[in-house]
2 protein chains.
Amino acid sequence: MTKPLRRDAEINRQRILKAAQEVFAARGVDVMLDDIAHHAGLGVGTVYRRFPTREDLVEALFDTRLEEIVGWAEDGLRHADPWTGLTEFVERATAAMAADRGLRDIAFSRAYGRRRVAEIREMLAPRVEALVTRCQEAGVVRADAAGVDLVLTQFMVAALLEYAEPIAPGLWRRYLTLLLDGLRFGTTPLPVPPPEVENMDRIAENWRPPRRPSAD
Amino acid sequence: MTKPLRRDAEINRQRILKAAQEVFAARGVDVMLDDIAHHAGLGVGTVYRRFPTREDLVEALFDTRLEEIVGWAEDGLRHADPWTGLTEFVERATAAMAADRGLRDIAFSRAYGRRRVAEIREMLAPRVEALVTRCQEAGVVRADAAGVDLVLTQFMVAALLEYAEPIAPGLWRRYLTLLLDGLRFGTTPLPVPPPEVENMDRIAENWRPPRRPSAD
DNA sequence: AAATAAGTGGAGGAACATCCTCAACTAATC
DNA sequence: GATTAGTTGAGGATGTTCCTCCACTTATTT
């Protein structure tokens with residue numbers, strides 16, 4: 001029942017989406033909507049007319065991005081070699097997050113993406129855990145690891161990205177390798193149990209790095 | 001030549017230091033000075049009179065804390081077993097940072113501690129690197145690791161602390177173990193070189209997690 | 001015990017940051 | 001050319017943080 005937009009309005013809508021995508025990628029999801037408008041070469045009012053809340057922009061931009069990541073997890077589970085399946089997934093997911101700070105926000109925080117995006121995000125954790133379990137069954141991941149450990153691992157690497165990626169792009173691969181080697185070859189008994197699922201959620205949901213200044 | 005403070009003023013000075021220590025530990029070094037005053041049961045004016053800038057509080061509180069950590073590194077270097085020397089140092093340092101968010105700020109960021117504290121901080125990195133080198137010479141740390149890798153490792157764990165420690169205290173031990181196991185037993189060739197010292201500085205200096213809300 | 005000097009409190013002004021509306025304007029479509 | 005849809009961006013509303021200022025209190029000196 002929604003009338004189609006006027007031609008110029010539709011063009012502007014696309015421009016806003018493109019601008020939002022770029023600004024979110026560079027500076028995270030909680031940039032000022034004014035900055036997105038400016039980056040799109042439009043007035044603030046136009047952005048607010050088309051996307052009354054930040055949430056609308058998030059939902060319009062990130063559902064497919066997250067679905068993509070879920071898809072990678074499923075690829076990994078389908079891979080003949082469990083360990084390669086796991087590492088290829090982690091590499092792809094981290095590379096995507098390295099290139100897009102907004103995606104990190106969406107993947108971890110619960111402050112954004114309350115509708116469809118939240119649903120998809122929820123599909124991620126169980127699949128990631130399955131990747132680990134599958135490796136353990138094949139004996140290529142230490143037995144005392146847990147599914148959630150991979151999530152926390154990703155979390156730590158995401159934090160590193162936050163600070164290091166703009167300065168030393170790609171450095172994350174080094175430390176991801178270190179962590180994965182720990183998962184694979186480590187023998188020192190892990191001294192405390194993994195977090196309960198519920199706590200895991202509470203940890204990730206606090207994800208909220210400081211606002212990055214606009215370049216201007 | 002500085003006159004001694006009036007008796008009540010000296011007492012209040014101590015109160016402020018105690019309050020600052022506690023509030024910094026709980027919520028980091030960039031809390032509002034108003035909060036410290038309130039926590040000390042004093043007026044804001046009193047705090048500003050005694051410590052005109054946040055920097056003065058930082059310098060008064062953190063130089064011995066950092067010296068302590070430097071001392072631990074030296075203990076580690078003196079330990080008969082290089083690997084135990086390394087792990088004991090990392091454990092102690094991380095435990096201290098887990099208990100004090102202000103200490104994390106001081107140890108990593110360059111936004112605080114510009115005088116004596118900065119000097120001490122600078123003594124830390126070379127000693128940490130020596131701990132690693134010593135282990136490599138003994139063959140108990142992978143040869144392709146670098147001294148700075150331990151610093152980045154600490155950095156990642158510090159980021160984890162930021163989010164996880166209030167919810168799952170002590171969880172960091174699990175992931176520190178994983179990382180150290182990676183350093184020790186890992187065999188996957190590290191895919192990118194470690195950061196230049198100069199970049200290392202630029203990464204750490206950006207440390208600035210979001211402000212934590214006061215509990216009131 | 002009065003005089004003096006030192007110290008205190010905390011309301012509130014200044015400087016910002018962020019959000020989002022709205023009335024005057026412009027452009028597309030019929 | 002009339003009608004309707006869309007755009008604009010200055011600026012009001014709100015919030016945050018810092019830090020000063022001066023009427024007041026308390027210690028110390030004489």
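Quick caveat: nothing in here was measured; it's all calculated off a predicted structure. A, B, ... follow the sequence lines: proteins, then strands. Residue 1 opens every chain.
Computed from coordinates, the B:Glu55 CD to D:dC18 C1' distance equals 16 Å when rounded to whole Å. As rounded to whole Å, 12 Å separates atom P of D:dC19 from atom CG of B:Leu57. Per the geometry, CD belonging to B:Glu10 stands 15 Å off P belonging to D:dA27, to the nearest Å. Rounded to an integer number of Å, the gap from NE2 of B:His38 to P of C:dT8 is 18 Å. The CG atom of B:Asp30 sits 11 Å away from the C1' atom of D:dT17 (whole-angstrom rounding). At whole-Å resolution of the value, CD1 in B:Ile36 and P in D:dT17 are 13 Å apart. For the pair B:Arg211 CZ and C:dC16 C1', the computed distance is 13 Å after rounding to whole Å.
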Can I get a per-line list of side-chain donor-acceptor pairs under 3.5 Å for residues 194-204 of chain B, giving both atom names and the distance, sequence neighbours left out?
| unit_1 | atom_1 | unit_2 | atom_2 | d |
| --- | --- | --- | --- | --- |
| B:Asp201 | OD1 | B:Arg110 | NH2 | 3.4 |

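No contact: B:Arg13 has no heavy atom under 4.0 Å from any strand.
The side chain of A:Thr46 contributes an N or O atom lying less than 4.0 Å from OP1 or OP2 of D:dT8. Of the side-chain N and O atoms in B:Arg49, none sit less than 4.0 angstrom from OP1 or OP2 of C:dG9. In this structure, B:Arg54 reaches the D:dC18 phosphate: one of its side-chain N or O atoms is under 4.0 Å from OP1 or OP2. Distances shorter than 4.0 Å separate some side-chain N or O of B:Asn12 from OP1 or OP2 on C:dT8. Dashed line: the shortest gap from a side-chain N or O of B:Lys3 to OP1 or OP2 of C:dA5 is not under 4.0 Å.
Between A:Phe89 and A:Leu77, the closest side-chain pair of non-hydrogen atoms is not below 4.5 Å. Contact check for B:Ile16 versus B:Leu57: side-chain heavy atoms found under the 4.5 Å cut-off.
Between the side chains of B:Thr94 and B:Gln154, at least one donor-acceptor pair of N or O atoms lies under 3.5 Å.
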Between N or O atoms, less than 3.5 Å apart, protein on one side and nucleotides 20-29 of chain C on the other: list the pairs.
| unit_1 | atom_1 | unit_2 | atom_2 | d |
| --- | --- | --- | --- | --- |
| C:dC20 | N4 | A:Asp34 | OD2 | 3.2 |
| C:dT29 | OP1 | A:Arg7 | N | 3.4 |

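If you take CG on B:Asp181 and CG on A:Leu190, they are separated by 7.5 Å, rounding to the nearest 0.5 Å. A distance of 5.0 Å separates CD of B:Glu162 from CZ of B:Arg212, quoted to the nearest 0.5 Å.
Taking the nucleotide of DNA chain D with the nearest heavy atom to each of B:Met32 and A:Gly41, the more 5' of the two is matched to A:Gly41.
A:Trp207 meets the ring-ring contact (aromatic ring centres under 6.0 Å, His included) test with A:Phe108, A:Phe155, B:Tyr163; sequence neighbours excluded.
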